[in-house]
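Report on one structure; see the data block that follows.
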Amino acid sequence: MVRTIKWFFISLLLLLLAGIGYFTYSFVQFANNIQSHPETTKFGGLTPKQLNMSDSYTPPKWEGNSRVNVLILGGDSRGLKKNEVPRSDSIMVASIDPVTKKAYLFSILRDTYVKIPGHGEDRINTALAVGGPNLAMRTVSDLLGIPIQYFFYTDFKGFIALTDAIGGIDLEVEKDMKYRDSEDGHEYDIDLKKGMQHLDGKMALQYVRFRHDAMSDFSRTERQRKFLQAVAQKMQTTGSLIRLPKILNSIDPYLETNLTTTDMLKLGSLAFEAKTEGMVSQQIPPSELLIEKRVGGAEVLSVNRTKLQDYIKALFEGRDPLAPAGKEGGNKSTTGTVPAKKQ
């Protein structure tokens, strides 16, 4: 009996070590595959001068004990020629305080008119196309007044693969959504019904892309934040952790990042501990600070950068960002889905 118990625990230990080894191997392989390298980058269409401008952004090193800010870029690669770089279809920033474990998720309106270093003023979604992820990081950092240490880039196929790999997401679709697009042979047409839905990868892409209503990109970015919060919550479940090697293997062909393997481990650990239920979700620029104006006959969105940076600082400090100067209130987070009047 004692020998049987002994062999049982030895077998259990060997299985545990084998499992740890498999998870470690899968993670290291995944990390190596998605790290940005000149020979494998998805931004090979950019010249070395564009990617390495003398005034380009050098991401600050994250030591693990201060706030970390990650730029999440979603590209629309449909119809692009070989080596052509897409504009950002979606631009988000995930921010986590390693001390409080408080998480923030910002979605930046892609028509926000900003200064792009070395390229004058333009819509913020052009930064990726003209200078790659480093220029996109610097442009967003200058706008928000916070350091951006890392970026993740993926396209439609990567988004679909991730959603399918975690088994889809149960989400309330707030309205009927329908749109036909012949540009890609109707592969990405949108046709969703109102109500609780189990969204697979293609359905989820329809949900986060829909903007063909009166609120356009305002409601679209809110849906993107809502969906990403749901993904974060599901990734923290035991079932997703068990399937992690399969999930990583499914998405690594579509991702690119500047995270090292060591930083990925630190960030992954922090992201798992982050409080997704209390995540602050915010449109940038917030509706209260938006200024609509026309540039070259086209309507764009502008914002006073100083006021925006004060707004971000107040959110991080747990203050009401809209409270009058000198008055403090509770932490107030708005979804920011109503456009401002022209000023």
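Computed from a prediction, not measured in an experiment: that's the story for all the values here.
Residues Ser90 and Val208 form no side-chain contact, since every pair of their non-hydrogen atoms from C-beta on lies 4.5 Å or further apart. Within the 4.5 Å cutoff, the side chain of Arg220 has heavy atoms near those of the Asp89 side chain. Proximity of Glu256 to Ile34: side-chain heavy atoms (C-beta onward) are nowhere separated by under 4.5 Å. Within the 4.5 Å cutoff, the side chain of Tyr311 has heavy atoms near those of the Pro286 side chain. At a threshold of 4.5 Å between non-hydrogen side-chain atoms, the residues Leu308 and Leu144 count as touching. Side-chain contact check for Gln282 versus Leu315: some heavy-atom pair is nearer than 4.5 Å. Under the 4.5 Å side-chain criterion, counting only non-hydrogen atoms from C-beta, Leu301 is in contact with Phe218.
Residue Val93 forms a side chain to side chain contact (heavy atoms under 4.5 Å, CB included) with just one option from Ile148, Ile284, Leu105, Ile312, and that option is Ile148. Each of Arg180, Lys178, Lys202 was scored for a salt bridge (Lys or Arg N to Asp or Glu O under 4.0 Å) with Asp189, with one residue passing: Arg180. The only member of Lys101, Lys266, Lys102 that meets salt bridge (Lys or Arg N to Asp or Glu O under 4.0 Å) when paired with Glu273 is Lys101.
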- [ ] Could you go through the side-chain contact (heavy atoms from CB on, under 4.5 Å) check for Gln197 and Leu192 one step at a time?
- [x] CA-CA 9 Å; Gln197 305 274 354; Leu192 294 176; 5.8 Å; no
TODO: Begin with the C-alpha distance, continue with both residues' side-chain angles, and end with the deciding distance and a verdict on side-chain contact (heavy atoms from CB on, under 4.5 Å) for Arg305 and Asp142.
DONE: CA-CA 9 Å; Arg305 193 168 65 175; Asp142 288 350; 3.9 Å; yes
Open item on the list: Pair Val295, Glu121 - check side-chain contact (heavy atoms from CB on, under 4.5 Å), show working.
Closed with: CA-CA 10 Å; Val295 176; Glu121 291 186 311; over 6 Å; no
TODO: Show the numbers, then the answer: is there a side-chain contact (heavy atoms from CB on, under 4.5 Å) between Met279 and Arg225?
DONE: CA-CA 10 Å; Met279 182 184 291; Arg225 298 194 306 275; over 6 Å; no
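A side-chain donor-acceptor contact under 3.5 Å links Ser141 to the backbone of Ile146. In this structure, Thr154 contributes its side chain and Tyr254 its backbone to a donor-acceptor pair below 3.5 Å. A donor-acceptor distance shorter than 3.5 angstrom exists from the side chain of Gln149 to the backbone of Asn69, with no hydrogens or angles considered. No donor-acceptor pair under 3.5 Å is formed between the side chain of Arg110 and the backbone N or O of Ser88. When atom types are taken as modelled, the side chain of Arg209 and the backbone of Phe156 share no donor-acceptor pair closer than 3.5 angstrom. Judged by distance alone, with hydrogens and angles left aside, the side-chain atoms of Ser269 form no donor-acceptor pair with the main-chain N or O of Leu265 at under 3.5 Å. Between the side chain of Lys234 and the backbone N or O of Gly168, at least one donor-acceptor pair lies under 3.5 Å. Proximity of a side-chain donor or acceptor of Asp155 to a complementary backbone N or O of Gly75 within less than 3.5 Å is not detected.
Taking OG1 of Thr139 as the reference point, atom CG of Leu135 lies at 4.0 Å (rounded to 0.5 Å). Here CE of Met92 is found 11.0 Å from CG of Leu73. Values are rounded to the nearest 0.5 Å.
Here the closest non-hydrogen pair linking Ala274 and Gln236 is O-NE2, 3.2 Å. Closest heavy-atom contact between Ile72 and Ala94: CD1-CB, 4.1 Å. Across Ala298 and Arg123, no two heavy atoms sit closer than the pair CB-NH2, 3.7 Å. Summarising the geometry of Leu259 relative to Gln35, their closest heavy-atom pair is O-CG, 3.1 Å, with the distance given to 0.1 Å. What you find for Ile251 and Ala161 is that their closest heavy atoms are CG2-C, 3.9 Å. Contact record, Lys307 with Asn304: N-OD1, 3.0 Å, taken as the closest heavy-atom pair.
Ring centroid separation for the pair Tyr104 and Phe316 comes in under the 6.0 Å cut-off.
Using cut-offs of 30° and 60° on the angle between ring planes, the pair Phe151 and Phe43 is perpendicular. Between Phe227 and Tyr207, the ring-plane angle classifies as tilted under the 30° and 60° cut-offs.
Cluster annotation: Ile291 is not connected to Val300 through the hydrophobic network of ILVMFWY side chains, with a link wherever side-chain heavy atoms come within less than 4.5 Å. Clustering ILVMFWY residues whenever any of their side-chain heavy atoms sit less than 4.5 angstrom apart, transitively, puts Leu128 in a cluster other than the one holding Tyr113.
The number of heavy atoms from other shown groups lying within 6.0 Å of NZ (Lys226) is above 12.
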